[in-house]
Amino acid sequence: MTRPYLDPKTHLTELFTLALARIAPDAGLAIELERPKQASHGDWACNAAMQLARSLKRNPRQVAGELLANLPVSDLIDKTEIAGPGFINVFLKPAALQSLAAHILEQGVHFGRVNLGRGARIQVEFVSANPTGPLHVGHGRGAAYGASLANILTQAGYAVEREYYVNDAGRQMDILALSTWLRYLGLCGEFVPFPPNAYQGDYVKLMAESVFSLHAERYKRTAAQVLEGVPGIPSAEEYAQRPDLKDAAEEALDALIVAAKRLLGPDYAYLHGHALEEQLGDCRNDLTEFGVTFDCWFSERTLHESGLIDRAVAQLRQHGHLYEQDGALWFRSSAFGDEKDRVVRRENGIYTYFAADIAYHLNKFERGYARVIDVWGADHHGYIPRVKGALKAAGADPDRLEVSLVQFAVLYREGQKVPMSTRAGQYVTLRELRAEVGNDAARFFYVLRKSDQHLDFDLDLAKSQSNENPVYYIQYAHARICSVLGAWGGQEADLAEADAGLLVHPMELALLKRLAEYPEMVAAAAREYAPHLIAYYLRDLAADLHGLYTACQFLVEDQALRAARLLLIAATRRVLADGLVLLGVSAPEKM
RNA sequence: CUGCCCGUAGCUCAAUUGGAUAGAGCACCAGCCUUCUAAGCUGGGGGUUACAGGUUCGAUCCCUGUCGGGCAGGCCA
């Protein structure tokens, strides 16, 4: 009934390329077609004439005329015109769009897939928060962004693997284990002053209670034993008022950790492991409920244990980029674009986090990814030159690593900024946010901004069950279509035979045009690591649908027209659902 | 002090990476439910794109400077 769909952009690009070859075979110019912002400028515009004008030393409008004279005829083209300084505007016949609706139904989930990646393996590492407490709303943005980005890259033809780097080896984990133990000792009746720079959260007390109920007093030591040789622990008040006590407090904390390891012996590993498992498990559950999953949870500790860090350091040494000074081992990162040299092994013989990170990234490269994307908080931007520098120094190609920085999210409630302080244990957790606004609104709001922009997260707007909330606007379009299709009661597959030539209403054609943009949007979002493009596209698509909904009745008497319109909205429903999946937002059938 | 990011409508943000008359949402005003979901639609006012120069057919986008905001500058992670 309707002829097979031919992608207009691809088709026009071929035509213009042929015309270009005829008038300027040596121009070395690639034809670029763009969608004009204004409908009066046609469906597609080509700016090649203006770009050629300089090298041909001719008036751009004259060059445009020559291009058009050499353009092969096409039955997709209604008319062309030369406009402005030398744009070529192309107006398509309705038929060029009408066959799209059936094409979308036939393609199913394949519509919107673009083959940018050609199956290349790409890794996205994101969240990677220290498992020392609940995820907060800042991590939530990284989670939503990374998960959507991974979905989009998959859609764009990459073989994507999602990874979470677990910082299970450092001092922060020791502090968590110590914090848990001290709370536990309190339950045993042994009271050691709780350091103000240890983890204050209630989740630490809960872990202590669980250890106590499982093992009673097995890990009990007397307060006197614990405090032996430990310098004074400042009180919370002193610590808050006197910044000069910071170093002393850190020393006391380290002394307590040493005491814990000494007094507990092999049992320390149990407490450490218990705290890690509890927090990592909590984190994993939280993310899973948020629709964020990982293929690999990569343990930092395994880098130490398997000797990969030794190997990475040896690799740098071999290339002559290490030197010793003040008892520490330094990497000459200043020779690779960094501001100054960095320590990889401390005076005390322990590797820095940086050393582990070098080994980690070399390991990523060895695992064979064509590209590795790190999603970091924007506060880590200064860290990029040294990691890339280290990769280069070790003989790897630093351009295979791309770092995507995500800015902070600031919560607003009733127009007021919600205060957040990790130090004081005063922060809104991701779990609390999800409970308050729901997963859909949270996922959507997080990616509604370009990732490198600060995000003002309006809690009242996100949880409002009203027309103010943009996420409902899109979901509502989907639900409305479902409702119409339900009232009709037929099978979607039967609609593919409908006569799409009957779709001539301006709003129908506008909707078809919008649907045709979807694959390009996916490609742009994948190229630019920009999930927000999908969010904005879906809003525009929903707006087109709502407009048509108000302007036209779908379930009309005329059977042919009814089938054509139902075909159109069925195709729209597919694209809406597909885009929402990319963003991790549900597509409800009823609202 | 130095480096990176940002500055667009009253507010929150887009702008196909150099394209044509810079667009949405919220808020404000005026309309639209006897019809498939009004969580919707239609219309209206709102701008020297922080400022000053420069590059060119053409600049919100690139370069220089100024002002304002954020982040970073550990043998922390």
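Just so we're on the same page: letters track the sequence lines, and every chain starts at 1.
- The glycosidic torsion of B:U12 lies more than 90° away from 0, placing the base in the anti range.
- A:Glu324 places its CD atom 16 Å from the P atom of B:C75, with the value rounded to the nearest Å.
- For A:Glu324, the CD atom counts as densely surrounded, since its 6.0 Å shell holds more than 12 non-hydrogen atoms of other residues, nucleotides or ligands.
- Regarding A:Ile350, its CD1 atom lies at a distance of 10 Å from the P atom of B:A77, rounded to whole Å.
- Residue contacts for A:Tyr536: at a heavy-atom cut-off of 4.0 Å it reaches the sugar-phosphate backbone alone, with no base atom in range.
- Computed from coordinates, the A:His532 NE2 to B:A14 P distance equals 6 Å when rounded to whole Å.
- Within the nucleic acid shown, A:Ala524 has no heavy atom closer than 4.0 Å to any nucleic acid atom.
- Spacing between atom CZ of A:Phe457 and atom C1' of B:U12 amounts to 13 Å, rounded to whole angstrom units.
- Nucleotides B:C76 and B:C67 place their C1' atoms 35 Å apart, quoted to the nearest Å.
- Closest to the side chain of A:Asp379, out of B:C75, B:U37, B:A72, is B:A72.
- Contact between the side-chain N/O atoms of A:Lys340 and the OP1/OP2 oxygens of B:U2 is not found at any separation under 4.0 Å.
- Comparing B:C62 with B:U17, their P atoms sit 13 Å apart, to the nearest whole Å.
- Side-chain N/O atoms of A:Asn89 and base N/O atoms of B:A20 include a donor-acceptor pair closer than 3.5 Å.
- Around the CD atom of A:Glu589, the shell of radius 6.0 Å holds no more than 12 heavy atoms that belong to other residues, nucleotides or ligands.
- Close to B:G58, at under 4.0 Å from its OP1 or OP2, lies no side-chain N or O of A:Gln51.
- Looking at heavy-atom distances under 4.0 Å, A:Asn130 makes contact with sugar-phosphate atoms alone, never a base.
- Checking B:C75, B:A14, B:A38 against every side-chain atom of A:Tyr549, the shortest atom distance belongs to B:A38.
- Residue A:Ser483 places at least one side-chain N or O under 4.0 Å from the OP1 or OP2 atom of B:U37.
- What separates CG of A:Leu545 from P of B:C41 is a distance of 10 Å, to the nearest Å.
- Distance from the side chain of A:Glu34 is smallest for B:U16 among the nucleotides B:U16, B:A24, B:U37.
- Heavy-atom nearest nucleotides on RNA chain B were determined for A:Ala542 and for A:Val556, and the one closer to the 5' end corresponds to A:Val556.
- Within 4.0 Å (heavy atoms only), A:Pro60 reaches no atom of the nucleic acid at all.
- Here the separation of B:U42 from B:C51, taken at their C1' atoms, is 40 Å to the nearest Å.
- Distances shorter than 4.0 Å separate none of the side-chain N or O atoms of A:Lys37 from OP1 or OP2 on B:G19.
- Comparing atom distances between the A:Arg449 side chain and each of B:U12, B:U37, B:C6 picks out B:U12 as nearest.
- Spacing between atom CG of A:Asp440 and atom C1' of B:A39 amounts to 14 Å, rounded to whole angstrom units.
- Phosphate proximity of B:A77 to A:Arg346: present, with a side-chain N or O under 4.0 Å from OP1 or OP2.
- The side-chain ring of A:His41 is stacked on the base of B:A20, judged by centre separation under 5.5 angstrom and plane angle under 30 degrees.
- When heavy atoms are screened at a 4.0 angstrom cut-off, A:Ala477 is found touching no nucleic acid atom at all.
- Contact annotation for A:Cys552: base contact, defined as any heavy-atom pair under 4.0 Å involving a base atom.
- When the P atom is compared between B:C4 and B:U64, the two are found 10 Å apart, to the nearest whole Å.
- Using a 4.0 Å heavy-atom cutoff across all strands shown, A:Glu339 reaches sugar-phosphate atoms only and no base atom.
- Under 3.5 Å, the side chains of A:Glu250 and A:Asn197 contain a donor-acceptor pair of N or O atoms.
- Side-chain polar atoms of A:Arg449 and A:His532 form no donor-acceptor pair below 3.5 angstrom.
- A distance of about 33 Å separates the C1' atoms of B:G46 and B:C63, rounded to the whole Å.
- Among the protein residues, A:Glu300 comes within range of no part of the nucleic acid, since none of its heavy atoms lies under 4.0 Å from any strand.
- A distance of about 29 Å separates the P atoms of B:C1 and B:G54, rounded to the whole Å.
- A donor-acceptor contact under 3.5 Å links the side chain of A:His381 to the base of B:C71.
- Side-chain nitrogen and oxygen atoms of A:Tyr476 include at least one within less than 4.0 Å of the OP1 or OP2 phosphate oxygen of B:A39.
- Side-chain proximity of A:Gln453 to B:A14, B:C75, B:G40: nearest is B:A14.
- Using a cut-off of 4.0 Å between Lys/Arg side-chain N and Asp/Glu carboxylate O, A:Arg171 and A:Asp254 are scored as salt-bridged.
- Side-chain polar atoms of A:Gln172 and A:Asn167 form no donor-acceptor pair below 3.5 angstrom.
- The line from CD1 of A:Ile358 to CD1 of A:Ile309 is 9.5 Å long, rounded to the nearest 0.5 Å.
- If you take atom C1' in B:C61 and the same atom in B:U49, they sit 10 Å apart, rounded to whole Å.
- Within the nucleic acid shown, A:Ala551 has no heavy atom closer than 4.0 Å to any nucleic acid atom.
- If you check every strand for non-hydrogen atoms under 4.0 Å, A:Gln38 touches a base.
- The side chain of A:Met50 has B:G19 as its nearest neighbour among B:G19, B:U12, B:C76.
- Anti is the glycosidic conformation of B:C32, whose angle departs from 0 by more than 90°.
- A:Asp326 comes within 4.0 angstrom of a base, heavy atoms only.
- Aromatic rings from A:Phe457 and A:Tyr446 are positioned such that their centres are separated by under 6.0 Å.
- Nearest to the side chain of A:Arg480, among B:G19, B:C36, B:G40, sits B:G40.
- In this structure, A:Tyr473 does not pack face-to-face on the six-membered ring of B:A39, missing the 5.5 Å centre cutoff or the 30° plane limit.
- Nucleic acid contact for A:His380: base, since at least one base atom lies under 4.0 Å from a heavy atom of the residue.
- Looking at heavy-atom distances under 4.0 Å, A:Glu520 makes no contact with the nucleic acid at all.
- Nearest to the side-chain atoms of A:Tyr383 among the listed nucleotides B:C6, B:C75, B:A77 stands B:A77.
- A donor-acceptor contact under 3.5 angstrom links the side chains of A:Tyr351 and A:Asp310, judged on distance only.
- Comparing atom distances between the A:Lys450 side chain and each of B:A20, B:C36, B:A15 picks out B:A15 as nearest.
- Among the protein residues, A:Ala83 comes within range of the nucleic acid bases, having at least one heavy atom under 4.0 Å from a base atom.
- Distance check on atom P: B:A59 versus B:U16 gives 15 Å, rounded to whole Å.
- The existence of a salt bridge linking A:Lys364 and A:Glu163 is excluded, since no basic side-chain nitrogen approaches an acidic carboxylate oxygen closer than 4.0 Å.
- Place A:Met507 and A:Trp44 on RNA chain B by their nearest nucleotides, and A:Trp44 ends up nearer the 5' end.
- The interatomic distance linking A:Asp338 (CG) with B:A72 (P) rounds to 16 Å, in whole Å.
- One finds no side-chain N or O of A:Arg342 lying less than 4.0 angstrom from the OP1 or OP2 phosphate oxygen of B:G74.
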